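All remarks here apply to the structure that follows.
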Amino acid sequence: MKGALPPGLLMAGTASGAGKTVAALGLIRALRRLGLEVAAAKTGPDFIDTAFLAQASGGAAANLDVWMCRAGAKARRRGVPAGLARLRRRLLSPVAGSKPDVWVVEGAMGLYDGGPDGAGGAAQLAKALDLPVLLVLNVRGMGQSVAALAEGFLRHKLRGGRPRFLGLICTQSGGAAHEKLLHEALAPVLAREKLPLFGFLPRAGAPKLASRHLGLVEAREALEGRDLDGIGRWFAGHCDVAAILRALDVPQPQPAAAPTSSPRDSGSTAFFPFRRRAGRTIGRPRIGIARDAAFSFCYADLPALLAGLGAEPVFFSPLADAAPPEGCAGLYFPGGYPELHAEALAANTAMVAALREFAGRGLPVYGECGGYIYLMREVQVGGARHALAGLLPLTCHLGDRLAALGYREAEPLPGWLPARPESEKSPLVVRGHEFHYARLNHAELPPDCVPLWRVSDAAGEPRGLEGCRLGRVAGSWLHLYPEGSRRFWKAWLELTRAAERPDTKPQPPELPCP
């Protein structure tokens, strides 16, 4: 991006459950209480933690991922991938005329975890973006062994080199005596590495965040009525925020200079800004994006990416609205928790009828994971069965065991998207991830249905065919990463444009009964 980037750090832990999310929320709110503008991001494909970070920072939070940004023939180029640079630009753009003073990225799992060779992990991102790592050590049940843990993380070598470190904080400490023991054990390691220990976050009195099967309970529920500034005060009461700012070379504002409000204080923004145009323009298809409590797993940059490709994104609620917005040429249903709202979704028969009429006109509909479930005929949750939109003749059930988890690379099968220009010699490849507990109730697709993708994992191992299409209604378990699927979205928008032209409309298939 033009001009110097603001200082930033990547907060990474020793493992999942190390307390990174609460620590990141605390640091962000502590910085904002000083009057600093903070941009926030999460490594990897985590929708839930990103929503927490958006609430804390007051602006849209990005999902930054090196592996998912690289797709197709240019996937192995070194340096910052173009898609990642674009996303970083969006994250660090001025909001309401104010540029971020600092940015905070929360890592996923442990610092060195990821795909093969740590692909897509926090360490890889820290190296790619040259962000110093604030290492979060979970010290619960540890004594002098904490020195070995810290030394191992600080000296571990990656194929692409070792990330640089800003310093350490310890979480889950047990009290003053425990902290004294840990401090003495860490002192020689920190002296050798010339790194500071910024503080201890004790387990007694630490803020708690509830969980459910796909991760933390969503921010809209978990943070309702919570005092976010209280989390900031808790963090600042146990960690030296001024020392963190000095390590980042960020001047600490004087208390009198801290504003009483901020451009981001009006409430968190789910998506990055994009240009809205009044009225319809030829060749600029209106794309309806489902957005409510049942469909919240949409990347913050996707609407802006669609707008940049020539679309007009608009939002609607399958829970509350009677129909999609007028004039839509295509509909997109992101993931979320439709299983938690299955009764309400099924009860909104006006929306179901409107969707069936929309699909019956041959207009494109695409659903991912939870959105895929909603397009099906039925979902089974526990012992209950719930009828859904019925645009695809499929049924599925929610189990208590994970059905799939991991990075995915996929190529669309022929017959779905418009033919690619001859100038595009490389195949159309997308990158994303899969994470769900739902399984189809049948091994084979019903008659007239065809799969969407030929899929492989991050190691390149084939995983077979995936997804389902009936006419121009399509669904898949894959969550596509926007900057790793730009060419797909460009092609899908061409599909919506073609569907609006009478001379290109196919005969729509007979839709299944719900």
Side-chain angles (χ1 to χ4, degrees), residues 45 47 60 62-63 65 68-75 81-87 89-90 270-277 283-291 295 297-315 324 328-335 363-369 371-372 375 408-421 423-424 426-434 452-455 466-467 469 472-500:
F47 298 101
N63 289 85
D65 192 290
M68 290 197 297
C69 267
R70 290 181 161 129
K74 299 179 181 179
L84 190 59
R86 281 191 294 266
L87 187 49
R89 237 180 350 257
R90 290 195 195 282
F271 301 108
F272 289 108
F274 57 92
R275 182 179 297 178
R276 295 182 182 273
R277 308 222 176 168
R284 189 173 180 83
R286 177 172 290 173
I287 304 300
I289 299 176
R291 180 69 179 176
F295 303 100
F297 293 177
C298 182
Y299 284 110
D301 57 311
L302 179 61
L305 183 145
L306 294 176
L309 293 175
E312 180 193 350
V314 292
F315 302 98
C328 285
L331 300 178
Y332 166 63
F333 292 86
L363 296 172
V365 179
Y366 182 55
E368 292 183 336
C369 203
Y372 182 28
L375 299 181
R408 300 289 183 260
E409 185 171 80
E411 185 175 351
L413 297 172
W416 177 23
L417 301 174
R420 291 182 296 110
S423 58
E424 292 187 6
S426 60
L428 195 164
V429 175
V430 300
R431 282 190 170 181
H433 80 287
E434 196 175 352
L452 295 184
W453 305 104
R454 180 173 287 107
V455 180
E466 204 279 319
R469 177 172 64 86
R472 281 178 167 159
V473 178
S476 166
W477 295 121
L478 301 184
H479 288 280
L480 300 185
Y481 188 69
E483 286 294 354
S485 308
R486 177 177 283 265
R487 289 172 63 197
F488 162 78
W489 287 113
K490 182 178 180 181
W492 190 79
L493 290 179
E494 286 303 314
L495 192 65
T496 67
R497 293 185 179 100
E500 288 189 301

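Residue numbers run from 1 in the order of the sequence given. Since the structure is predicted, the reported quantities are computational estimates derived from the model, not experimental observations.
Annotation: side-chain hydrogen bond (donor to acceptor under 3.5 Å, both in side chains) contacts of Arg486 (sequence neighbours excluded): Glu483. Not counting sequence neighbours, Asp301 has no partner by the side-chain hydrogen bond (donor to acceptor under 3.5 Å, both in side chains) test. Qualifying side-chain hydrogen bond (donor to acceptor under 3.5 Å, both in side chains) partners for Arg454, counting only residues two or more places apart in sequence or in other chains: none. Residues passing the ring pair (Phe, Tyr, Trp, His ring centres under 6.0 Å) test with Tyr299, sequence neighbours excluded: Phe47, Tyr481. Checked against side-chain hydrogen bond (donor to acceptor under 3.5 Å, both in side chains), Glu434 has the following partners two or more places apart in sequence or in another chain: Arg408, His436.
Under the 4.5 Å side-chain criterion, counting only non-hydrogen atoms from C-beta, Pro412 is not in contact with Leu452. A heavy-atom distance below 4.5 Å is not found between the side chains of Pro313 and Tyr332. When side chains are defined from C-beta on, Val314 counts as touching Cys328, because their heavy atoms get closer than 4.5 Å. Contact of the Glu368 side chain with the Ser476 side chain is not registered, since no non-hydrogen atoms from C-beta on lie closer than 4.5 Å.
Atom CZ of residue Arg70 and atom CG of residue Leu84 lie 8.5 Å apart, to the nearest 0.5 angstrom. Atom-to-atom distance recorded for Arg487:CZ and Leu309:CG is 12.5 Å, nearest 0.5 angstrom. Distance CG/Leu305 to CZ/Phe272: 12.0 Å, rounded to 0.5 Å. Note: His433 NE2 to Asp65 CG = 10.0 Å, rounded to the nearest 0.5 Å. Between Leu493 atom CG and Ile287 atom CD1 the span is 5.5 Å, to the nearest 0.5 Å. Interatomic distance, CH2 of Trp453 versus CZ of Phe488, reported as 4.5 Å (0.5 Å rounding).
Taking each heavy atom of Arg497 and Gly310 in turn, the nearest pair found is NH2-O, 3.7 Å. Minimum heavy-atom separation, Ala60 to Ala300: CB-CB, 4.2 Å. Closest approach of Ala307 and Phe274 over heavy atoms only: CB-CB, 3.9 Å. Smallest separation of non-hydrogen atoms from Gly330 and Thr496: CA-CG2, 4.1 Å. In this structure, Pro418 and Glu494 approach most closely via the heavy-atom pair CG-CB, 3.9 Å. The shortest non-hydrogen separation linking Met68 to Pro45 is CE-CB, 3.7 Å.
Taking the six-membered ring for Trp and thresholds of 30 and 60 degrees, Phe297 and His479 have ring planes inclined between 30 and 60 degrees apart. Note: Tyr366 and Trp492 have tilted aromatic rings, judged against thresholds of 30 and 60 degrees for the angle between ring planes.
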